[in-house]
Structures are given as structure tokens and as C-alpha cells.
Amino acid sequence: ITQIADRVIELVPIRKEAQRKPVPVTLKPKELLFRQGDPSDLVYVVESGAVELYRELEDGEEELAVIREGGYFGELGPMLNLPRSASARAIGAARLTGYSVQLFRSMSPATAEIA
């Protein structure tokens, strides 16, 4: 719809995270990045390795997705100022970069593939 609009206004609260520099993250195998319910602040791009996204249920865990090198995850929480809807942990050793929503949006589509 934005292609036919005369004007687009982005109604996103300005937060201090908007000015954040990219955050490099190194995870060991099975290390937790964030837990379901944690505050959302960054979008993560997987530089190497893989990260498992899963939901914590009363009777165990439900795997949602595995994000591999070049993929990204975690964009909805920070965009909408919502808590994390799932947990994320490394499958093996993994390197990621965390970006503010504004910085992530400014990146070229070739930089991060849809997971």
C-alpha cells in the first residue's frame, strides 16, 4: 500500500536503542541468547552457526525454527515494543550481530535473508 500513498508516516516511539551501534554476540553450544518474555531490544543476524527458536510450554518445548547463517530473527518484538514471544539458543557455536530496528531497516535486503 505504501507504493500508492502520497505520504508515509512512521509512528515508532523514539528510544535510546535507536542510536545503538551493532552488538557482536558469540554463543557457545546450547547457550541461551534470550528467554521468552524478556524485553525485546535488538534484531539478530546470524553470521555463523545456527540458532534455535523455541516456545517454552508447561509440558516442555516447541521448536519453532532454526535460523542459519545469513538469516535473521527477533524483529517483531523491538518494532512493536513487545516482550520476546519465544526463546533463542545456539545449536552449536554461533556468532551473531544485534541491530537496533532502525539500523536493521537501513541495511540492504541482500545483507539479511528472510529466515
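When reading the values below, keep in mind they use all heavy atoms of this one structure, side chains included, and skip hydrogens, waters and symmetry mates. Please read all numbers here as calculations on a predicted model, not as lab measurements.
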Out of curiosity, [X] [atom1] to [Y] [atom2], how far, rounded to the nearest 0.5 Å?
X: Glu75; Y: Ser40; atom1: CD; atom2: OG; value: 10.5 Å
X: Ser87; Y: Asp38; atom1: OG; atom2: CG; value: 7.5 Å
X: Leu64; Y: Gln36; atom1: CG; atom2: CD; value: 8.5 Å
X: Arg95; Y: Ser48; atom1: CZ; atom2: OG; value: 4.0 Å
X: Asn81; Y: Leu76; atom1: CG; atom2: CG; value: 12.5 Å

Contact between [X] and [Y] at the side-chain level, heavy atoms closer than 4.5 Å - yes or no?
X: Arg84; Y: Asp41; result: yes
X: Leu42; Y: Pro78; result: no
X: Arg55; Y: Glu62; result: yes
X: Leu96; Y: Val45; result: no
X: Val51; Y: Val66; result: no

Original post:
Any chance the side chains of Glu47 and Thr97 put a donor and an acceptor closer than 3.5 Å?
Top reply: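 Glu47 vs Thr97: donor-acceptor pair found between side chains.
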Original post:
Can you name the side-chain contact (heavy atoms from CB on, under 4.5 Å) partners of Glu61, sequence neighbours left out?
Top reply: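 side-chain contact (heavy atoms from CB on, under 4.5 Å) check on Glu61 returns Tyr54, Arg89.
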**OP:** Can you sort out the partners of Leu80 under side-chain contact (heavy atoms from CB on, under 4.5 Å), two or more places apart, ordered by chain and number?
**Re:**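 In terms of side-chain contact (heavy atoms from CB on, under 4.5 Å), with neighbours along the sequence ignored, Leu80 is linked to Leu82.
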Subject >> ILVMFWY cluster, Leu32 and Phe73 together (side-chain gap under 4.5 Å) >> reply: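 Per the 4.5 Å side-chain linkage, Leu32 and Phe73 are not co-clustered.
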Taking all non-hydrogen atoms of both residues into account, name the closest pair between [X] and [Y] and its distance.
X: Ala90; Y: Ala94; result: CB-CB, 4.1 Å
X: Pro83; Y: Gly37; result: CB-O, 3.6 Å
X: Ala93; Y: Pro29; result: N-CG, 3.7 Å

Original post:
Are Tyr44 and Tyr99 close enough that their ring centres sit under 6.0 Å apart?
Top reply: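 So the answer is no for these two rings.
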Subject >> Of all pairs that satisfy salt bridge (Lys or Arg N to Asp or Glu O under 4.0 Å), the ones with a partner from residues 26-37, not counting sequence neighbours >> reply: Arg35-Glu56
